[in-house]
Enquirer: 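Dropping the structure in here first, questions after.
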Amino acid sequence: MARVQGKVAIVTGAASGIGRAAATLLAREGASVLLTDRNETDGHAAADAINTAGGEAAFVRHDVSAEADWISVVGGLMDRTGRLDVLVNNAGVSGGLRGIDDTTLDDWRACLSVNLDGVFLGVKHGARAMRRSGGGSIVNISSVLGLVGMPRVAAYAASKGGVRLLTKAAAMEFAANGDNIRVNSVHPGFIRTPMTRARDASREAEWEAFMRAVQPTGEIGDPTDIAEGVLHLASDASRFMTGSELVIDGGVTAR
Ligand SMILES: NC(=O)c1ccc[n+]([C@@H]2O[C@H](COP(=O)([O-])OP(=O)(O)OC[C@H]3O[C@@H](n4cnc5c(N)ncnc54)[C@H](O)[C@@H]3O)[C@@H](O)[C@H]2O)c1
């Protein structure tokens with residue numbers, strides 16, 4: 001039995017990495033998936049691959065930090081399908097590694113505008129559509145860096161910590177309203193995607209060694225490890241979960 005059969009889903013940042021894996025798994029488990037991203041070439045390729053494999057997918061260009069984009073993406077989907085059951089707020093940027101003293105206000109805002117404003121806008125416009133659909137599930141991709149700190153990632157960690165509590169506040173509000181909308185966060189550890197590739201190719205081995213050293217098992221995660229958690233939170237199997245945080249990190253925050 002497919003686990004999200006008949007559901008209509010949006011996955012942001014679906015051109016790459018975790019978002020692409022989540023969109024692919026949701027489609028394989030029966031959802032009709034709208035992939036969105038600001039990277040059109042890879043976004044179309046990801047949707048085409050899902051359709052070729054027998055799934056149901058479409059792609060639309062979307063900058064998650066722009067409210068006008070959210071209005072047109074969600075409005076267009078509602079016009080076509082009349083419903084939204086699942087929203088995965090996955091799009092994100094790393095902001096790079098830099099100390100607080102070297103972080104300009106523009107650096108800070110660039111990171112928060114995608115990672116936190118983008119999730120806020122998704123929760124707002126996604127929930128409006130879900131209310132018209134009788135309810136739904138919102139899955140916000142945070143990070144282990146929304147739970148614990150690390151040097152040289154202040155903006156990223158602040159954005160992901162913000163996602164964690166935005167999730168809980170929205171979950172409480174929608175529960176109190178009787179909206180039947182669940183909101184949960186996912187906290188990946190190090191996952192092998194373009195985001196965790198070293199900027200400078202000559203330092204790839206050093207970066208790989210660092211990531212492995214912080215993992216209790218020495219293993220770096222795969223995007224499908226996170227997609228499985230997203231699928232669970234999207235599906236009715238998690239109907240009693242809201243406001244919770246699903247940590248998928250190979251044990252890194254258990255130390
Ligand atoms: N890879 C990891 O180790 C890791 C760990 C913890 C959390 N995360 C989070 O997982 C999510 C996915 O990251 P990933 O590792 O797959 O990275 P990735 O770089 O492979 O994918 C991120 C996608 O988001 C898109 N994107 C960026 N800014 C956007 C915007 N303004 N509007 C729309 N799309 C935008 C990019 O084009 C890209 O396709 C991010 O939120 C990231 O912070 C990743």
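Only this structure's heavy atoms are used, side chains among them; waters, hydrogens and symmetry mates stay out.
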Enquirer: I'd like to check Leu112 versus Tyr156 (side-chain heavy atoms, cut-off strictly below 4.5 Å). Are they in contact?
Expert: no

Enquirer: Is Trp108 reachable from Ile100 through a run of I, L, V, M, F, W or Y residues, each pair having side-chain heavy atoms under 4.5 Å apart?
Expert: no

Enquirer: With a 6.0 Å cut-off (strictly less than), is the heavy-atom count around CZ of Arg212, excluding the residue itself, greater than 12?
Expert: yes

Enquirer: I'd like to check the side-chain hydrogen bond (donor to acceptor under 3.5 Å, both in side chains) partners of Asp102; sequence neighbours left out, ordered by chain and number.
Expert: none

Enquirer: Indicate the atoms forming the closest heavy-atom contact of Ala14 with Ala23, along with that distance.
Expert: CB-CB, 4.3 Å

Enquirer: State whether a side-chain donor-acceptor pair under 3.5 Å links Thr104 with Asp106.
Expert: no

Enquirer: Using links of under 4.5 Å between side-chain heavy atoms of ILVMFWY residues, direct or through other members, which residues join Ile248 in one cluster?
Expert: Val4, Val11, Ile18, Leu25, Leu26, Val33, Leu35, Ile50, Phe59, Val86, Val88, Val139, Ile141, Val186, Ile191, Ile226, Val230, Leu231, Leu233, Met241, Leu246

Enquirer: Any side chain to side chain donor-acceptor pair (under 3.5 Å) involving residues 43-55? Give me the pairs, sequence neighbours left out, ordered by first then second residue.
Expert: none

Enquirer: Run through Asn180, Leu84, Val74 and flag the one making a side chain to side chain contact (heavy atoms under 4.5 Å, CB included) with Met130.
Expert: Leu84

Enquirer: Between Asp69 and Arg61, is there a side-chain heavy-atom distance shorter than 4.5 Å?
Expert: yes

Enquirer: Going by atom type alone, with no hydrogens or angles, which donor-acceptor pairs under 3.5 Å involve a side-chain atom of residues 142-154 and a protein atom two or more places apart or on another chain?
Expert:
from, atom 1, to, atom 2, distance (Å)
Ser142, OG, Lys160, O, 2.9
Ser142, OG, His187, ND1, 3.4
Ser143, OG, Leu145, N, 2.9

Enquirer: According to the ring pair (Phe, Tyr, Trp, His ring centres under 6.0 Å) rule, which pairs have a member within residues 229-252, sequence neighbours left out?
Expert: none

Enquirer: Not counting sequence neighbours, list each pair that qualifies as a salt bridge (charged side-chain N to carboxylate O under 4.0 Å, His left out) and has a residue in residues 114-139.
Expert: Glu67-Lys124, Arg131-Asp179

Enquirer: Go through it in stages, so that I can follow the logic: the residues are Glu208 and Arg192, the test is salt bridge (Lys or Arg N to Asp or Glu O under 4.0 Å), and I'd like the CA-CA distance, side-chain angles, deciding distance and then a yes or no.
Expert: CA-CA 10 Å; Glu208 172 89 13; Arg192 204 178 292 285; 2.9 Å; yes

Enquirer: Given side chains that start at C-beta, do those of Val163 and Leu166 come closer than 4.5 Å, heavy atoms only?
Expert: no

Enquirer: Per the ring pair (Phe, Tyr, Trp, His ring centres under 6.0 Å) rule, what does the pair list look like for residues 121-151, sequence neighbours excluded?
Expert: none

Enquirer: Any chain of hydrophobic side-chain contacts (each under 4.5 Å) joining Leu121 to Ile181?
Expert: yes

Enquirer: Can a side-chain donor-acceptor contact be found between Ser238 and Arg182 if the only test is distance below 3.5 angstrom?
Expert: yes

Enquirer: Only counting residues at least two apart or in another chain, list the ones meeting side chain to side chain contact (heavy atoms under 4.5 Å, CB included) with Ala110.
Expert: none

Enquirer: For a 4.5 angstrom cut-off between non-hydrogen side-chain atoms, does Arg255 reach Pro216?
Expert: yes

Enquirer: Does anything in residues 81-90 pair up under salt bridge (charged side-chain N to carboxylate O under 4.0 Å, His left out), and if so which pairs, sequence neighbours excluded?
Expert: Arg83-Asp85

Enquirer: Could you tell me whether the side chain of Leu87 reaches within less than 4.5 Å of the side chain of Asn89, counting heavy atoms only?
Expert: yes

Enquirer: Any side-chain heavy atom of Leu34 sitting closer than 4.5 Å to one from Arg80?
Expert: yes

Enquirer: Are Trp207 and Leu97 close enough that some pair of their side-chain heavy atoms sits under 4.5 Å apart?
Expert: yes

Enquirer: Do Glu245 and Thr167 pass the side-chain contact (heavy atoms from CB on, under 4.5 Å) test, and can you show the C-alpha distance, the side-chain angles, and the key distance before you say yes or no?
Expert: CA-CA 9 Å; Glu245 45 197 63; Thr167 299; over 6 Å; no

Enquirer: Please, which pairs that meet side chain to side chain donor-acceptor pair (under 3.5 Å) have at least one residue in residues 8-29, sequence neighbours excluded?
Expert: none

Enquirer: Going by an N to O cut-off under 4.0 Å, is there a salt bridge joining Arg197 and Glu204?
Expert: no

Enquirer: Starting at OG of Ser65, measure out to CH2 of Trp70 and round the result to the nearest 0.5 Å.
Expert: 11.0 Å

Enquirer: I'd like to check Phe210 versus Phe190 (side-chain heavy atoms, cut-off strictly below 4.5 Å). Are they in contact?
Expert: yes

Enquirer: Do the side chain of Asp249 and the main chain of Gly189 share a donor and acceptor less than 3.5 angstrom apart?
Expert: no

Enquirer: Just checking, is any N or O donor in the side chain of Asn184 or Ser244 under 3.5 Å from an acceptor N or O on the other one?
Expert: yes

Enquirer: Between Ser94 and Arg199, does the side-chain contact (heavy atoms from CB on, under 4.5 Å) criterion hold? Intermediate values first, please.
Expert: CA-CA 11 Å; Ser94 75; Arg199 293 269 150 87; 3.0 Å; yes

Enquirer: Taking atom CG of Asn115 and atom CG of Asn140, what is their separation to the nearest 0.5 Å?
Expert: 11.5 Å

Enquirer: Please, which pairs that meet salt bridge (charged side-chain N to carboxylate O under 4.0 Å, His left out) have at least one residue in residues 135-147, sequence neighbours excluded?
Expert: none

Enquirer: List in chain and number order the residues that pass side chain to side chain contact (heavy atoms under 4.5 Å, CB included) with Glu219, two or more places apart in sequence or in another chain; answer none if no residue qualifies.
Expert: Thr217

Enquirer: Could you check whether any side-chain N or O of Lys7 sits under 3.5 Å from a backbone N or O of Ala31, counting only pairs where one atom can act as donor and the other as acceptor?
Expert: no

Enquirer: Please tell me whether Ile71 and Val64 are part of a single hydrophobic cluster in this structure, the criterion being side-chain heavy atoms less than 4.5 Å apart.
Expert: no

Enquirer: Say you draw a straight line from CZ of Arg239 to CG of Asp236; how long is it, rounded to the nearest 0.5 Å?
Expert: 9.0 Å

Enquirer: Is it true that Arg3 and Glu228 make a salt bridge, defined as a side-chain N closer than 4.0 Å to a carboxylate O?
Expert: yes

Enquirer: How close do Ala47 and Ala58 get, heavy atom to heavy atom, and via which atoms?
Expert: CB-C, 3.9 Å

Enquirer: Once you round to the nearest 0.5 Å, how far does CG of Asn39 lie from CG of Asp42?
Expert: 4.0 Å

Enquirer: Could you tell me the separation between the CG atom of Asp200 and the CD atom of Glu206, rounded to the nearest 0.5 Å?
Expert: 9.0 Å

Enquirer: Inspect the contact between Arg98 and Asp107 and indicate whether a charged nitrogen and a carboxylate oxygen are less than 4.0 angstrom apart.
Expert: yes

Enquirer: What are the two closest heavy atoms between Cys111 and Gly95, and how far apart are they?
Expert: SG-CA, 4.5 Å

